[in-house]
Every structure is written in structure tokens, then in C-alpha cells.
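Treat the numbers as computed from the prediction; the structure is a model and nothing was measured.
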Amino acid sequence: MTDPFGFLKTPRRPVPARPVEERLSDWNEVYAGQVLLPLVSEQAGRCMDCGIPFCHSGCPLGNLIPEWNAYARHGDWRAAAERLHATNNFPEFTGRLCPAPCEDACVLAINADPVTIKNVEQAIADQIWEHGYASPQPPERLSGKTVAVIGSGPAGLAAAQQLTRTGHTVVVYERADRIGGLLRYGIPAFKMEKRHLDRRIEQMRAEGTKFRTGVDIGSDLDATELRRRHDAVVVAVGATQQRELPVPGRELYGIHQAMDYLTLANRVREGDYASPPVTAEGKHVVIVGGGDTGSDCLGTALRQGAASVVQLDINPEPGGSRPDAEPWPTYPKVYRISHAHEEARGREGTDPRVFASATLRFEGDPAGQVRALRLSEVEPGHRSPRPDTERVIPAELVLLALGFSGPERGTGLMEQLGLWLDERGNFARDAAFAAEATEPAGATGRTRRGVFVAGDAGRGQSLVVWAIAEGRSAAAATDRYLTGSTVLPAPVAPTDRPLLA
């Protein structure tokens, strides 16, 4: 175990990021080279090894955080890797991309600074690859069953790896030209370099998982035929239906969906373009939306050389401390600074976000190019404009980062597999992740057996840890359907939700 008094002796010290000006000059991750192992081991020693570790509840994967903290504290990276891999297929993804609700659920967070769990996880994940602790794990024997996984994001990859390792023959279908889903084209390289994704894919190939890119199920290949070819199907297509902003001037040139913009920027890093077809270089940029996708757009625009960047958030500015209405161990709405916000603030001296603001309309020039955005403050507790607060800001590139409203419609997939949408606009499923095709009264009411839904397609827009947890659980449900029983873990149920007040 760790020092039981470590949290009293050692203050919290997160791993420092590279200097702002240095990282704005490249697309590398914000942390410099190898994580500082002495610092991380020291910070792992702050873990109290609680009798009831609420960090387990803060993480949907059920990560064994006190256990791998103890191993990291003593430098036993092999044991730490085994404990981390016991619950998480891709810790190098989560250690870089997850906002770490486990830290807000840390018992220390009741009245002190929590353990730097995310830093420790990333350090262990890097050591896994540094020392060769991620060797392929092909199954000892094949089951004779085949499974198609539609979508290669974190949920689809997690489901595929679990099912492959248990002996099923798995084929992952991806409509894009490369495997990875939003991990490939939605996440900027400065948050996660794609080499981490590439080596996991190679590990999965060595284990026996097969990949088919450039195949749009529902269009290029009828999903009914796909179901006929395989013993089971896992639908993990994500929640990619982008929300719109129906205000006057939306039709102007220069207004783009955030994910389209991020995809083009990532394709430059992949070598598909010499320069991005849509760029922020030299432009006044406005990002509409205050979430993680908006932050990713901010960091991308800064690296492309934007003249200025403003990020609009319709929500009021949160306070700096946990509000009484969101008690420990929930994940509270507090004022947080992403690396991109830090970069923008370092250059301009102020936070690039404008809180409690609503877009009224876009204004353009005679050629139909957007030139300005008219906004107003919103009433506290409401989203209606406040009178006499209108103002105009320059906008030569506008990026809509308003989130997603469920799986993409009109692809043919839903109809061909007999899927149905629930009241939240996601694919309906039962308690065992099986897809439900329950239709309105008077219809057939048939359920499509052998079809399972995992990740954002069934849960809605969520975090990478939830996607991996769902992929693992859907794999367990699929294995049980195919064989009658399973030894695969199922960390979450479709009805589970994050710790919220």
C-alpha cells in the first residue's frame, strides 16, 4: 500500500504542460516527451487507499485506482499495467482524453486537493508500451461464431477486442478511410497523437480482429445482408447527428460545423492535404458552443494562426468552487481551464470565452461571406436575450460546436436493422444492450435478435470512458447471446448514468 499519511505530507502537483508558445508552434501533445515518473510516483503516494474508494464510482469503467496507485508509487509498472488493463482496454486514450470525474469523486476532494489520478493513469499507460506490456492476446481457440461491429470509435474497438479475445471472429466496419472514428478525425493531435491509436489497432490485428474501411453500412452494404452473414452485430456508430443553429444568416459562406473543421485539420496531419481546405489562418474566428469540441476548435484555430478567437457559451460562468447543489462525489460544474483556453489566455491575456451569450444572427458582405456575428446576453436562468445588450463582433470563420443529438439519421442502417429511437433520440435497447425494434401500435413490434447497441449510439453524447465501458458491456451481452454464458466483465448497464446531483 502507499504511505497512509502521504496526502498530509505531499501537496498536489499535476504534471506540467509544455510552455504555451512552444506548443502553439507544433501539433504535438501538450506534455513534453516522457511523463515525469518521479513526480507521478510521488503523487500516487497521496492515495489514501480508502476503505470505500469512491473514485471507482466516479469512473464507469470501475478502474482499480487505489491498486494501481500503490504499484505506481513503488515503481512496479508491470503490476500497475496489469491492474489498469484489468478494467480498461485503452488507458492511453482515457489518460489523455477523459476529464477525470474520478478525481472529483476522490475522498480527498471532500476538503482537499484530490490525487492526480489522470496523470498516474497516463504514466502507467505510457510505461505499458515502453516496456512491452501490451503484447497481443489472441484466443487459444476459436468459437466458430462471427460478429460484425459497425463503427470503430472507442466503443466499437473495445467491443471488438473483448469479443476477439474470447474466441469469436470479429470484423469491424468503418465508413471512413481509416480506423478510429472520432478518435482519428475528431480529436486533435495535440490532445492525442495518432500513434497511440495506430499501435492499438496493430495489436488488435495481431489478435485476429479484422478491419474493413470505406464501407458505409446501410448504403454501401445493406445492413440486413450484414446481419445474415454474421451470428451477431454490434452497432457502435456513435452520436454524430450534429445540432444546428437556425438563425438568420446561417447560409453564409464561412460557417461550418465544428466536426467538419476538425476532420479537415486532422486530415492534414494524416497527409491527405498540404494545407486545410478550411483554415483559421489570419481570420477572426468565433466558436459557438462552450464544450470540449469548442475547446478543440480553439486549440486548432490558434495553431493555424487565427487573428483572434472568441468562444461563445450560452451558459453562465461557473464559480470556482463546488456549489452546494452538486455535492461530493458528483462531477460539479465549476470554472475549468482547458489547455486551449490556457493557450488563448496566454496570448491575449483574457479568457476567450464569453459566457451567458446567445447568437442572434450572422451578417455578411455582398459576396455572401460571413463577416460579423450579432449576439446578446441571456437572462439569468433562461436562454432568452436580455434587452439592450446586443453587440456585434467580427467573424470571418464561424464554427458551430453545439453537440450532437444522437445517431445520424437517413443512413439506411436504422431501417435495415429494424432499430428504433427512444425518447432521447438514441437507438433503443433493453437491459442487456440488445437492440429493440418496438414500433408504434399497429406495427409488427418485432425485436431484431442478435443486434446489440453500444456507446453514444445508445447512450447519447458522452465521455470516452463511458464509450469503452459500454463496448465492454455490449461484448459481454453479445458473448452471452452467442454461447449461453460469459466470463467477460460488464461494468455498466444501459440505464446507468454519471454521478450527478
Side-chain angles (χ1 to χ4, degrees), residues 14-33 96-97 99 182-194 254-315 317 335-355 357 359 362 369-373 375 393-403:
V15 173
R18 292 189 291 147
V20 167
E21 291 305 319
E22 176 185 324
R23 63 186 196 243
L24 281 178
S25 66
D26 59 41
W27 292 84
N28 299 330
E29 290 179 7
V30 297
Y31 295 103
R96 287 169 167 81
L97 303 178
L182 292 186
L183 293 172
R184 173 72 64 184
Y185 289 130
I187 301 297
F190 56 81
K191 287 183 69 174
M192 188 184 79
E193 295 173 10
K194 306 311 171 186
I255 303 174
H256 302 271
Q257 285 285 355
M259 200 53 62
D260 298 337
Y261 169 72
L262 291 174
T263 295
L264 292 174
N266 275 306
R267 284 191 173 279
V268 173
R269 309 313 310 163
E270 294 282 358
D272 295 342
Y273 301 109
S275 59
V278 177
T279 181
E281 184 177 3
K283 297 177 182 176
H284 297 292
V285 180
V286 178
I287 302 164
V288 183
D292 289 341
T293 301
S295 175
D296 293 344
C297 289
L298 174 62
T300 301
L302 292 173
R303 283 163 176 77
Q304 289 180 345
S308 68
V309 189
V310 174
Q311 184 178 7
L312 305 182
D313 191 335
I314 200 169
N315 298 299
E317 181 176 336
Y335 185 78
R336 302 177 192 269
I337 296 288
S338 72
H339 291 299
H341 296 140
E342 180 187 23
E343 290 159 3
R345 193 167 60 173
R347 191 175 72 165
E348 303 293 341
T350 58
D351 194 316
R353 290 171 287 186
V354 179
F355 291 96
S357 60
T359 303
F362 301 110
Q369 173 70 39
V370 67
R371 293 301 180 197
L373 180 150
L375 60 84
I393 59 175
E396 297 169 300
L397 173 65
V398 177
L399 304 172
L400 305 181
L402 301 171

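Looking at every heavy atom in both residues, His341 comes nearest to Ile337 through CB-CG2, 3.9 Å. The nearest pair of heavy atoms linking Ala301 to Val309 is CB-CG2, 4.1 Å. Considering all non-hydrogen atoms of both residues, Val286 and Ala395 come closest at CG2-CB, 3.6 Å. Nearest heavy atom pair, residue Pro188 against residue Asn266, reads CA-OD1, 3.8 Å. For Ile287 against Ala401, the heavy-atom pair with the smallest separation is CG2-CB, 4.2 Å. Contact record, Val268 with Ser275: CG2-C, 3.8 Å, taken as the closest heavy-atom pair.
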query = Are Val30 and Glu343 close enough, and set up right, to give a side-chain contact (heavy atoms from CB on, under 4.5 Å), and what steps lead you there?
reply = CA-CA 10 Å; Val30 297; Glu343 290 159 3; 4.1 Å; yes
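Side-chain contact between Ile187 and Arg96 is absent, with no heavy atoms from C-beta onward closer than 4.5 Å. Put simply, the side chain of Arg303 reaches to within 4.5 Å of the side chain of Leu24, judged on heavy atoms. Counting heavy atoms from C-beta on, the side chains of Leu262 and Cys297 come closer than 4.5 Å. For the pair Leu183/Leu97, a side-chain contact is recorded, criterion being any heavy-atom separation below 4.5 Å from C-beta on. Side chains of Val310 and Leu373 form no contact here, defined as non-hydrogen atoms less than 4.5 Å apart. Looking only at side-chain heavy atoms (C-beta outward), Tyr261 and Leu397 come within less than 4.5 Å of each other.
Atom CD1 of Ile314 sits about 9.0 Å away from atom CG of Leu402, to the nearest 0.5 Å. Rounding to the nearest 0.5 Å places OG of Ser308 at 8.5 Å from CD1 of Ile393. Here CG of Asp292 is found 12.0 Å from CG of Leu298. Values are rounded to the nearest 0.5 Å. Note that CG of Leu264 and NE2 of His256 are 8.5 Å apart. Values are rounded to the nearest 0.5 Å. Taking OG from Ser295 and CZ from Arg353, the interatomic distance works out to 8.0 Å, rounded to the nearest 0.5 Å. Note that the CG atom of Leu375 and the CZ atom of Phe362 stand 10.5 Å from one another [nearest 0.5 Å].
The cationic group of Arg18 does not satisfy the cation-pi geometry with Phe190, failing either the under 6.0 Å distance to the six-membered ring centre or the 45° limit from the ring axis.
In this structure a side-chain-to-backbone donor-acceptor pair under 3.5 Å is missing from Lys194 to Tyr185. Using modelled atom types, one side-chain atom of Gln304 and one backbone atom of Ala280 make a donor-acceptor pair closer than 3.5 Å. When atom types are taken as modelled, the side chain of Glu396 and the backbone of His284 share a donor-acceptor pair closer than 3.5 angstrom. Counting only distance, with no hydrogens or angles, the side chain of Gln257 and the backbone of Leu399 share no donor-acceptor pair below 3.5 Å.
Separation of the Tyr31 and His339 ring centroids falls under the 6.0 Å cut-off.
Salt bridge status for Glu270 with Arg184: present, with a side-chain N to carboxylate O gap under 4.0 Å. Between Glu29 and Lys191 there is no salt bridge, since none of the side-chain N atoms of the basic residue sits less than 4.0 Å from a carboxylate O of the acidic one.
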